[in-house]
Structures are given as structure tokens and as C-alpha cells.
Amino acid sequence: MKTTIIILAILIVGVAALNLLGGFFVREVIQEPVLVESLETSNGTGLGKPALYFELPDLAGNTIKSSDFLGVPVVLTFWTTWNSAAADQIKILDDYVRKNNEILFKIITISGQEDKSVVTNFMNRGGYKIEVLLDESGAITESYQARNLPTTYFLDEKGMLQEIFIGILSERQLVKKAESLLE
């Protein structure tokens with residue numbers, strides 16, 4: 001009888017905790033698209049300010065620097081292979097690049113905290129050609145505070161952070177936001 005009461009009490013407390021905290025965890029997992037209106041991080045990054053500098057290897061082992069893209073608007077997407085929404089975003093970006101020979105902005109993707117072999121296998125299986133940089137330690141992903149994936153940053157030609165979009169961008173949204181960087 002005592003055991004039944006204890007088990008029942010634990011279940012009631014567990015259900016109550018899930019009701020109180022569940023909404024928080026569900027919002028974290030759902031990946032609903034969100035346009036970030038303002039951002040000010042502890043490292044000084046924010047909308048209208050210079051994007052953080054990085055140097056990361058691509059899948060071929062070449063070191064790519066964020067400063068390599070000054071002079072052209074950049075669409076920078078953080079993602080991982082295990083996140084289905086982020087993987088879907090890679091397909092959308094890759095399809096866009098394949099359909100458009102002359103793109104006036106640069107699309108760069110950063111895979112965070114994954115081994116090169118995992119990312120390479122994912123890219124090969126999908127036949128994707130889009131540029132991927134590897135942030136195996138996750139340091140750059142964390143610096144950009146890209147915690148919900150995919151997260152896309154729009155940088156103007158001067159490397160200033162203009163917009164942040166959390167969630168999957170459709171091709172139409174991608175073009176609209178990227179073209180606004182060209183104005």
C-alpha cells in the first residue's frame with residue numbers, strides 16, 4: 001500500500017513538472033521559424049554590428065576566413081546532419097545554388113560539432129555541392145549563439161550582421177532576404 005502511494009506521488013509530481021516545464025522544452029525542439037528583431041550578445045555581436053571573425057576548414061581541408069567574403073553579401077547558415085530541419089535547409093540552399101548560375105550573394109554553411117567524415121558522408125549521399133565549413137569543436141557555432149538549428153545570418157558586403165532567421169528558410173524567403181542585402 002505504501003509503495004503504491006509513493007509511486008502515485010512520484011507520477012503526480014512528474015506530470016506536474018512536465019506541465020510546468022514541458023512548454024519550454026517543446027518550443028526549443030519544434031524549430032518554428034523566427035525572425036530575430038534584435039540581438040546583443042555577451043561578446044558584443046549584434047544586429048548592425050560586425051559579424052564575428054572565423055577561420056574554419058572546408059571539406060577539402062582548405063582554411064576559409066570570414067574576411068574572404070568582404071565585398072559581397074553573405075548568407076551564413078549553421079546546421080548539423082542529425083537535425084532534420086537543418087538538413088532540409090541544406091537541400092533548399094543547394095537547390096537554389098544549382099538553379100542559379102549567377103548569384104549576387106555568397107551562401108556558406110557551417111556544420112557544428114560533427115566529425116568531417118559524418119558531414120562528408122551526408123553531403124555525398126545527398127549529392128550536395130553547397131559550400132560547407134566544419135566547426136568540429138563547436139566554438140564558432142557557440143560564439144554566434146546558434147543554438148536552434150538551422151540558424152541563418154545575413155551579412156552585408158561590409159560584414160555587418162543585418163538579420164537573423166531561426167528555422168527553415170524557403171527559397172522565396174532566402175531570395176527576398178538576400179536581395180535586401182543588395183539594396
Side-chain angles (χ1 to χ4, degrees), residues 24 26-56 58 64-114 119 123 128-135 138-183:
F24 171 76
V26 169
R27 276 192 303 279
E28 189 73 20
V29 172
I30 283 182
Q31 301 294 321
E32 291 180 20
V34 175
L35 178 62
V36 177
E37 299 293 336
S38 65
L39 171 75
E40 186 68 40
T41 63
S42 57
N43 57 21
T45 301
L47 295 178
K49 294 185 178 181
L52 296 173
Y53 177 82
F54 62 81
E55 290 184 26
L56 292 170
D58 62 13
I64 308 299
K65 302 173 190 169
S66 57
S67 58
D68 294 341
F69 308 111
L70 290 175
V72 63
V74 174
V75 175
L76 178 66
T77 299
F78 288 86
W79 69 290
T80 59
T81 63
W82 54 264
N83 180 301
S84 61
D88 289 345
Q89 185 69 74
I90 293 301
K91 169 109 176 82
I92 292 167
L93 295 173
D94 192 73
D95 287 348
Y96 177 77
V97 168
R98 288 174 185 267
K99 286 193 289 189
N100 296 281
N101 293 333
E102 200 171 307
I103 301 174
L104 300 176
F105 52 89
K106 182 74 174 164
I107 297 176
I108 302 165
T109 66
I110 297 179
S111 175
Q113 293 185 316
E114 292 190 288
V119 178
M123 298 300 286
Y128 303 126
K129 303 293 182 201
I130 195 155
E131 186 167 4
V132 177
L133 305 181
L134 300 169
D135 181 20
I140 301 303
T141 303
E142 182 59 31
S143 293
Y144 272 82
Q145 297 186 358
R147 294 185 180 109
N148 295 320
L149 302 174
T151 297
T152 301
Y153 296 81
F154 293 87
L155 313 175
D156 67 16
E157 72 281 351
K158 296 175 188 166
M160 304 296 272
L161 183 57
Q162 297 300 318
E163 219 172 330
I164 303 169
F165 191 87
I166 300 170
I168 299 175
L169 275 168
S170 69
E171 185 174 323
R172 189 179 82 235
Q173 290 170 316
L174 168 69
V175 171
K176 183 179 175 187
K177 291 180 182 309
E179 285 179 349
S180 72
L181 294 173
L182 298 169
E183 296 173 352

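These numbers were taken from a predicted model, which means no experiment stands behind them.
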Rounded to the nearest 0.5 Å, how far apart are [atom1] of [X] and [atom2] of [Y]?
{"X": "Leu181", "Y": "Gln162", "atom1": "CG", "atom2": "CD", "value": "6.5 Å"}
{"X": "Trp82", "Y": "Ser111", "atom1": "CH2", "atom2": "OG", "value": "10.0 Å"}
{"X": "Asp88", "Y": "Asn83", "atom1": "CG", "atom2": "CG", "value": "8.5 Å"}
{"X": "Gln145", "Y": "Ile164", "atom1": "CD", "atom2": "CD1", "value": "8.5 Å"}
{"X": "Thr141", "Y": "Leu149", "atom1": "OG1", "atom2": "CG", "value": "7.5 Å"}
{"X": "Phe105", "Y": "Glu179", "atom1": "CZ", "atom2": "CD", "value": "7.0 Å"}

ask   = Which word best sums up how the rings of Tyr144 and Phe78 line up, parallel for under 30°, tilted for 30 to 60°, or perpendicular for over 60°?
value = tilted
Answer yes or no: is there a side-chain heavy-atom contact under 4.5 Å between [X] and [Y]?
{"X": "Asp135", "Y": "Leu56", "value": "yes"}
{"X": "Val97", "Y": "Ile107", "value": "yes"}
{"X": "Thr77", "Y": "Val75", "value": "yes"}
{"X": "Trp79", "Y": "Gln89", "value": "no"}
{"X": "Leu169", "Y": "Ile92", "value": "no"}
{"X": "Pro150", "Y": "Ile168", "value": "yes"}
{"X": "Pro73", "Y": "Leu182", "value": "yes"}

Intermediate values then yes/no, side chain to side chain contact (heavy atoms under 4.5 Å, CB included), Leu93 and Leu174 = CA-CA 8 Å; Leu93 295 173; Leu174 168 69; 3.7 Å; yes
request  = Considering only NZ, NE, NH1 and NH2 on the basic side and carboxylate oxygens on the acidic side, decide whether Lys99 and Asp95 come within less than 4.0 Å.
outcome  = no
key: Name of the residue among Glu171, Glu183, Glu163 meeting salt bridge (Lys or Arg N to Asp or Glu O under 4.0 Å) with Lys177   = Glu163
